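These notes concern the structure reproduced below.
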Amino acid sequence: MNHFWENPFVLTAGYYSVVVLCMVVFLVIFEIVTKYRNWEEIKKGNVAVAMATGGKIFGIANIFRYSIQHHDSLFVMIGWGFYGFLLLLIGYEFLTPKFKIDVEIEKDNRAVGLISMIISIGLSFVVGESIS
């Protein structure tokens with residue numbers, strides 16, 4: 001039975017399933033902490049929200065990529081993913097103190113949406129590399 005759990009297809013499906021579930025949880029948390037409703041704004045065509053949300057999705061996935069790459073246990077991978085998510089959330093708020101980022105993104109300020117995306121992606125590489 002142990003050979004079943006060591007099969008690369010089973011491992012990939014397991015990691016994929018857990019990461020998708022964690023990503024849904026993290027996106028719900030992002031939805032709670034932002035003043036606008038991500039998916040409603042995206043549905044309305046708000047490109048700034050789409051860029052900011054896309055950066056968050058990329059950032060979370062990238063952190064999990066490093067976590068999967070450097071840890072054998074599924075639980076350790078999840079733990080590092082959650083820790084990385086918290087650092088991403090804190091860094092995102094810390095690096096945008098000059099203006100109300102949520103207000104600007106909700107107004108479809110694409111420059112702010114772009115910088116938000118870059119912050120999420122950039123921090124994910126720093127957090128991810130430090131996981132190793």
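All values below were derived from every heavy atom in this structure, side-chain atoms included, with hydrogens, water molecules and symmetry-related copies excluded. Since the model is a prediction, treat every value here as computed from it, not as a measurement.
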- Task: For residues Val18 and Met77, determine if any side-chain heavy atom of one lies less than 4.5 Å from a side-chain heavy atom of the other.
- Result: yes
- Contact check, side chains of Val19 and Ile68, non-hydrogen atoms, under 4.5 Å: yes
- So side-chain hydrogen bond (donor to acceptor under 3.5 Å, both in side chains) across residues 17-29, not counting sequence neighbours, yields none
- Query: Linking I/L/V/M/F/W/Y whenever their side-chain heavy atoms sit closer than 4.5 Å, directly or via other members, would Leu21 and Leu27 fall into one cluster?
  - Reply: no
- Among the clusters formed by ILVMFWY side chains lying less than 4.5 Å apart, do Val33 and Ile60 turn up in the same one? yes
Nearest heavy-atom pair of [X] and [Y]: which atoms, and what distance?
X: Val127; Y: Leu87; answer: CG2-CB, 4.0 Å
X: Leu88; Y: Lys56; answer: CD2-O, 4.5 Å
X: Met51; Y: Leu114; answer: CE-N, 3.6 Å
X: Asp102; Y: Thr34; answer: OD2-CA, 3.4 Å
X: Thr53; Y: Trp39; answer: CG2-CH2, 4.0 Å
X: Gly55; Y: Ser120; answer: O-CB, 3.3 Å

- salt_bridge(Glu31, Arg37) N-O dist < 4.0 Å: yes
- In plain terms, say whether Glu41 and Lys44 are close enough for a salt bridge, that is, a side-chain N and a carboxylate O under 4.0 Å apart. yes
Donor-acceptor check, side chain of [X] to backbone of [Y], threshold 3.5 angstrom: yes or no?
X: Ser116; Y: Ala52; value: no
X: Thr12; Y: Phe9; value: no
X: Asn62; Y: Gly128; value: no
X: Asn46; Y: Lys107; value: no
X: Asn109; Y: Ala48; value: no

I need the [X] [atom1] to [Y] [atom2] distance, nearest 0.5 Å.
X: Ile78; Y: Cys22; atom1: CD1; atom2: SG; value: 5.5 Å
X: Asn38; Y: Glu106; atom1: CG; atom2: CD; value: 10.5 Å
X: Ser124; Y: Phe85; atom1: OG; atom2: CZ; value: 13.5 Å

- side-chain contact (heavy atoms from CB on, under 4.5 Å) between Ile131 and Ile63, intermediate numbers included: CA-CA 8 Å; Ile131 288 173; Ile63 289 169; 4.0 Å; yes
- Hydrophobic cluster partners of Ile90 (side-chain heavy atoms under 4.5 Å): none
- Query: Taking ILVMFWY side chains as joined if any heavy atoms are under 4.5 angstrom apart, and letting links pass through other members, which residues group with Val20?
  - Reply: Tyr16
- Query: Between Tyr66 and His70, what is the ring plane arrangement, given parallel below 30°, perpendicular above 60°, and tilted in between?
  - Reply: parallel
- Task: May I ask you to decide if the ring planes of Phe64 and Phe26 are parallel, tilted or perpendicular, using 30° and 60° as cut-offs?
- Result: parallel
- Item | Test log, rule side-chain contact (heavy atoms from CB on, under 4.5 Å), inputs Trp80 and Phe75 | CA-CA 9 Å; Trp80 276 111; Phe75 292 111; over 6 Å; no
